[in-house]
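Written below as structure tokens is the structure these notes are about.
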Amino acid sequence: MKELSYILAENLQQAFLANATNVAIDESDRQFTYTDLHQMSVSISHHIIDAANNDSAVAILGKKSFYTYAGICGAIFASHAYMPMNLKFPTARNLSMLRTSDAEVIVADKDSIGMLDKILKGSERSYTVICEMIDDSFRAKHSGHIFVMAGPKEDLPLPVLNSDEDDTAYLLFTSGTTGSPKGVPVSNGNVMSYIRFMMNKWEFREKDRFSQTFDLTFDLSVHDMMLCWLSGACLCIPEEDSAFKMVSYIRDQKISVWFSVPSVAMLMNKMRLLKAGAYDTIRLSFFCGEALPVQIAEKWQESTNPNSLTNLYGPSEATIAISFYQWNLENQKSLNDVVSIGKMFEGQDFCMMDPDQKLTDSKGELCLGGSQIISGYFQDPDLTSKYFIEFNEYPGKIWYRTGDLVSMDESGDLFYLGRLDSEVKISGFRVNLLEIDSVIRQVKGTEQVASIFDDRSPSKIVCFISGESTITETEIMSRCQDHLPWYMIPEVIIFVEEMPLNDNGKIDRNTLKRSLDGKG
Amino acid sequence: MERAEIRDTIIELITEKLVIFNIGKEEVKEDFDMVKSGLLDSMSFIDLVAELEDRFAVEVDFEVAGESEDFTKVGGLIQLIKDTKDA
């Protein structure tokens, strides 16, 4: 294959043509070739170009279906970014993402009609909806919006590509501190830097069958889609809500390239499903998104290929992943029973700093630099200047401060030690505890709220509330369910008479956390 | 092994959750799905099954059980524990 450029659309177009008869997407009961995907994507891309007045992102609403993937590729071919929404999110969160992104066009698959109905009801502006299926009553009900049905057409030319390396390829939202999610725009150059490194480092083959365990709102899904399609391989879609059906998914779909958060393997381990040699179709395994326990790495290695496991690390702001550790029979570095996050990808940089923002050598907050680092948060210069910083030692270079505390050993391998702020990882999802507090505080206004993450097994979010306690657990839960994705909803609510305060007069979360110890 | 006994144990183990979600015990029918309803996440659900395994001294075959649409429903879980015990 020709050397990949830094424009995603160009590379996808080439791959689609070169692998025309290969299967691109396997929904287990239906298979779609690269030609199918190409024709549908191009058809959607023309509708996008016709409808869009500005260059904002195209919102994608749907299950992990052929039409949804064609919507993603359609946006890319139309030289727009895509912005995935999530059918499992509350309507309010999808609406907030839609408004913030300034999208004008929504691509909606046939399973998204229920959510689409609620989104359109709640929206102030008029959208063009490119849909897989729509009936007249739905159109009539939402007459302020334009609906077009896009079907595959054989003879449509590819639209003229006019993406730039700096243009956004996808826009994602991640948990923020103020109650509204923050936008992470990842450019063509960012994502192609990632892909070029991965494709040089590992050999992905046309015959490979890639897993797709992530929601599309999670940037790790981009790894699956793009590495798969740029290799001419097949993306295998699991059934909805299939957390307990991973065995049949791996076996029936004959997965050869696996990628998931460690939680998926941890769940399988709890179900006693990580038996020796159980998944011998898996040739390469990647884990990312949260700390990988040594025990899980060992068990996974036994049940797949003993030399196939790679632990990846990276925040969305650094595009999917930026450091890696290859765990095999010879190399098994860990600290506190957590697998090393290894070394930076070639060409990407890191440094560590102390709490006074001075550079340190062996332990500190990890800062990242290089071509995979985004240029800043979406339309938020204040937040950007807080997290994207410079050091006198490296004039002119921008570093993203991750909030992750790491240490480094003599050979330069990094170890993840924990978070330095109120952000935590729950099954790979980034959750800022302050965002939960902010949402709950709005129920009554006066209450003091402090959420903490109880990391003892089974880990959970515990929310402490004090003040005029006229507020009920039910009111709190219902507000959370309306405004927060499922993984951010507290599992335990504890009312306290008074919040413990620290010397600065702030709520002392450590004391709250310690108070749980007595309660088992 | 009586279904009622297993049912009572399940209700006991999810009581705290039911309170938070404001769900009355009588509303928890056989077809109530403990995961799809948002009551439990998948990890907590497997913890619940593990607790039932301990209490009733059974070992569930998760490979088979996980494939069933009824696995996470109260009725399905009762039947699973009962069938495993009676086998």
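A note on names: the letters A, B, ... follow the listed sequences, proteins ahead of strands, and every chain is numbered from 1. Just the heavy atoms: all of them, side chains too, but no hydrogens, waters or symmetry mates, feed the values below.
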Checklist entry - Which bit of A/K275 comes within less than 4.5 Å of chain B, counting heavy atoms only: side chain, backbone, both or neither? => result side chain
Item to check | When B/D61, B/V49, B/D41, B/V60 are compared by non-hydrogen pairs under 4.5 Å with chain A, the top option | outcome: B/V60
Checklist entry - By a 4.5 Å heavy-atom criterion (distance strictly below it), what part of B/S42 contacts chain A: side chain, backbone, both, or neither? => result both
Checklist entry - What option among A/M271, A/M246, A/E473, A/M266 has the most heavy-atom pairs under 4.5 Å with chain B? => result A/M271
Item to check | Heavy-atom neighbours of A/D337 CG exceed 12 at 6.0 Å | outcome: no
Next on the checklist: I need the B/I46 CD1 to A/M268 CE distance, nearest 0.5 Å.
Outcome noted: 11.5 Å
Checklist entry - Counting only heavy atoms not in B/E16, do more than 12 fall under 6.0 Å of its CD? => result no
Item to check | Non-hydrogen atoms of B/E67 and A/S248 that approach each other most closely | outcome: OE2-OG, 2.6 Å
Next on the checklist: So which atom in B/F62 and which in A/K270 form the shortest heavy-atom distance, rounded to 0.1 Å?
Outcome noted: CE1-O, 4.2 Å
Next on the checklist: Less than 4.5 Å to any heavy atom of chain B: does that hold for the side chain of A/L273, its backbone, both, or neither?
Outcome noted: side chain
Next on the checklist: Taking side chain as everything from C-beta outward and backbone as N, CA, C, O, which of these in A/Q481 sits under 4.5 Å from a heavy atom of chain B? Side chain, backbone, both or neither.
Outcome noted: side chain
Checklist entry - Considering residues, nucleotides and ligands other than A/E497, do more than 12 of their heavy atoms fall under 6.0 Å from its CD? => result no
Checklist entry - Is it true that B/K17 and A/E491 make a salt bridge, defined as a side-chain N closer than 4.0 Å to a carboxylate O? => result yes
